[in-house]
Amino acid sequence: MSFTIYPAIDMRGGKCVRLIQGDYNQETIYGDSPFDMAAGFVDQGASWIHMVDLDGAKAGSRVNGEHVLNVAKNLGAKVQIGGGIRTENDIEYYLDAGVDRVILGSIAVSQTELVKSWIKRYGGYRIVIGLDAKDGYVATHGWLETSELKAVDLGKDLADAGAKTFIFTDIATDGMLSGPNVEANRELARATGASVIASGGVSSLQDLKTLKESGVSGAICGKSLYTGKFTVSEAIKEVTSC
C-alpha cells in the first residue's frame, strides 16, 4: 500500500506559519515565502504540497489564494488547499487554475447536502473532506467552534455520497509533536472505506511507519519538518522502505 507524505504550508499574512492546536495567538513564523518553502519541499522529492489559508479559515473567504496558484502553476508537485473555501466559486477558482484538490471543512458540517452535491459534480477525488476533531467531535471555523457531530458519523455519511479522501486532524495533537492519534485515524479509515490522511502530532519517522501500518494512506507533516525532526526526503525513504 502506498503512503504519501504531505509537507504542510500554513499561510497567514502571506507568510509560512505554524500554530499550536489551532490557536492563532500561538503562532511561529517559519518563512516569508510560501512558494520558496514549497520549492524546497519539492526539491527533496515531495509529490504533494498541503496548503492551508489560515486567514481564509478565520474570515470564511479566500485570502492567500494567489500563493496557492503560484505553487500549483510553477512547481512540479500536486497541490491540495484548505481554508476559507465556502462557495462553488471558491472551488472553481482553485480547480480551474490547476490545483488538484480542495479541502472542505466547516461547510461539510453546516451544509452537508450542498457538499454532497459538489462531490457528485467535481468528483470524490478532487473534493477532500477535512475532519478536524476535538474529543471525537467535529470542530469548525478555524477550530474556534465544536459541533455536536461525531467525526466518524459525518465521515460515513459523506463516504456514502462519494467522498474518496478524508484528512483527519486530532486537534489535541496538532502542533504538539506528541505523536498522532493512530486509533482515531484507523477508526475513520475502517468506517468509511476511504483514503484517510492523518494530520497532527507527527514527530518522528516511527510515527510515519506506525501510521502506514495502521492503514491510512498518508500523513501531513508540519512542525516536524520545520523544527528539523526529519526531512521530507528522510520521510519518503522511511515509508517507502517499510
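Just so it is clear, the values below take in all heavy atoms, side chains as well, and ignore hydrogens, waters and symmetry mates. Residue numbers start at 1 and run along the sequence shown.
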Donor-acceptor pairs under 3.5 Å, side chain of residues 215-228 to any protein atom, not counting sequence neighbours: which ones?
residue	atom	partner	partner atom	Å
Ser217	OG	Val196	O	3.3
Lys223	NZ	Gly175	O	3.2
Tyr226	OH	Ala8	O	2.6
Thr227	OG1	Lys223	O	2.7

Cut-off 3.5 Å, no hydrogens considered: what does the side-chain donor-acceptor table look like for residues 181-189, sequence neighbours left out?
residue	atom	partner	partner atom	Å
Asn181	OD1	Ala184	N	3.0
Asn181	ND2	Asp170	OD2	3.2
Glu183	OE1	Arg186	NH1	2.5
Asn185	ND2	Asn181	O	2.8

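Met11 places a side-chain heavy atom less than 4.5 Å from the side chain of Met51. Asn64 places none of its side-chain heavy atoms less than 4.5 Å from the side chain of Pro34. In this structure, the side chains of Leu95 and Val102 come closer than 4.5 Å at one or more pairs of heavy atoms. By the 4.5 Å heavy-atom criterion applied to side chains, Ile119 and Ile129 are counted as neighbours. Side-chain contact between Val239 and Ile5 is present, with at least one heavy-atom pair separated by less than 4.5 Å. Side-chain contact between Phe230 and Val202 is present, with heavy atoms from C-beta onward closer than 4.5 Å. At a threshold of 4.5 Å between non-hydrogen side-chain atoms, the residues Leu69 and Tyr93 count as touching.
Considering every non-hydrogen atom in both Asp55 and Gly14, the closest pair reads OD2-N, 4.5 Å. When all heavy atoms of Val115 and Ala108 are compared, the pair lying nearest together is CG2-CA, 3.7 Å. Across Ser199 and Ile167, no two heavy atoms sit closer than the pair CB-CG2, 4.0 Å. Shown here for Arg86 and Gly60, the closest heavy-atom pair between the two residues is CG-O, 3.3 Å. Asp23 and Asn25 make their closest contact through OD1-N, 2.8 Å (heavy atoms, listed as atom of the first residue, atom of the second, distance). The heavy-atom pair separating Ser147 from Val109 by the smallest distance is CB-CG1, 4.1 Å.
Checked against side chain to side chain donor-acceptor pair (under 3.5 Å), Ser203 has the following partners two or more places apart in sequence or in another chain: Asp207. For Gln206, the side-chain contact (heavy atoms from CB on, under 4.5 Å) partners are Ser204, Lys209, Thr210, not counting sequence neighbours. Under the side chain to side chain donor-acceptor pair (under 3.5 Å) criterion, Arg121 pairs with Glu88, sequence neighbours left out. Scanning for side chain to side chain donor-acceptor pair (under 3.5 Å) contacts around Asp32 gives Lys15, with sequence neighbours left out. With sequence neighbours left out, the side-chain contact (heavy atoms from CB on, under 4.5 Å) criterion links Val42 to Ile49, Leu75, Ala77. Annotation: salt bridge (Lys or Arg N to Asp or Glu O under 4.0 Å) contacts of Glu66 (sequence neighbours excluded): none. With sequence neighbours left out, the side-chain contact (heavy atoms from CB on, under 4.5 Å) criterion links Ser178 to Thr173, Met176.
We find the CG-CZ distance between Asp53 and Arg62 to be 9.5 Å, quoted to the nearest 0.5 Å. To the nearest 0.5 Å, atom OH of residue Tyr122 and atom CD1 of residue Ile91 are 5.5 Å apart. To the nearest 0.5 Å, atom CG of residue Leu131 and atom CD1 of residue Ile103 are 11.5 Å apart. Thr87 contributes atom OG1, which lies 7.5 Å from atom CD1 of Ile107 (distance to the nearest 0.5 angstrom). In this structure, OG1 in Thr28 is found 9.0 Å from CD in Gln26, a value given to the nearest 0.5 Å. Here the CG-OG1 distance, from Leu104 to Thr112, works out to 11.0 Å after rounding to the nearest 0.5 Å.
Checked by atom type and distance alone, the side chain of Arg126 pairs as donor or acceptor with a backbone atom of Val99 at under 3.5 Å. Judged purely by atom type and a 3.5 angstrom limit, Arg12 has no side-chain atom pairing as donor or acceptor with the backbone of Glu27. The backbone N or O of Phe3 sits nowhere less than 3.5 Å from a side-chain atom of Lys212 that would complete a donor-acceptor pair.
With a 4.5 Å cut-off between side-chain heavy atoms of Ile, Leu, Val, Met, Phe, Trp and Tyr, the cluster of Tyr137 takes in none. With side-chain heavy atoms closer than 4.5 Å counting as contact, directly or through intermediates, Val152 stands alone and belongs to no larger hydrophobic cluster.
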Where do Gln80 and Thr165 land on the side-chain contact (heavy atoms from CB on, under 4.5 Å) test, with the steps shown first? CA-CA 12 Å; Gln80 60 186 26; Thr165 305; 5.9 Å; no

Take Glu113 and Lys116, measure what salt bridge (Lys or Arg N to Asp or Glu O under 4.0 Å) needs, and give me the verdict at the end. CA-CA 5 Å; Glu113 295 306 313; Lys116 288 178 181 178; 3.1 Å; yes

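Around the CG atom of Asp160, the shell of radius 6.0 Å holds more than 12 heavy atoms that belong to other residues, nucleotides or ligands.
At a threshold of 4.5 Å between side-chain heavy atoms, the hydrophobic network of Ile, Leu, Val, Met, Phe, Trp and Tyr places Tyr94 and Ile9 in one connected group. Cluster membership for Val17 and Met37, using ILVMFWY side-chain heavy atoms within less than 4.5 angstrom, is not shared. Linking ILVMFWY residues whenever their side-chain heavy atoms come closer than 4.5 Å, directly or via other members, leaves Val71 and Leu54 in distinct clusters. Under the 4.5 Å side-chain heavy-atom criterion for ILVMFWY residues, no single connected hydrophobic cluster contains both Tyr24 and Val63. The hydrophobic clustering, which links ILVMFWY residues whose side-chain heavy atoms are closer than 4.5 Å, places Ile236 and Ile197 apart.
Residue pairs meeting the ring-ring contact (aromatic ring centres under 6.0 Å, His included) criterion with at least one partner in residues 48-68, sequence neighbours excluded, are Tyr6-Trp48.
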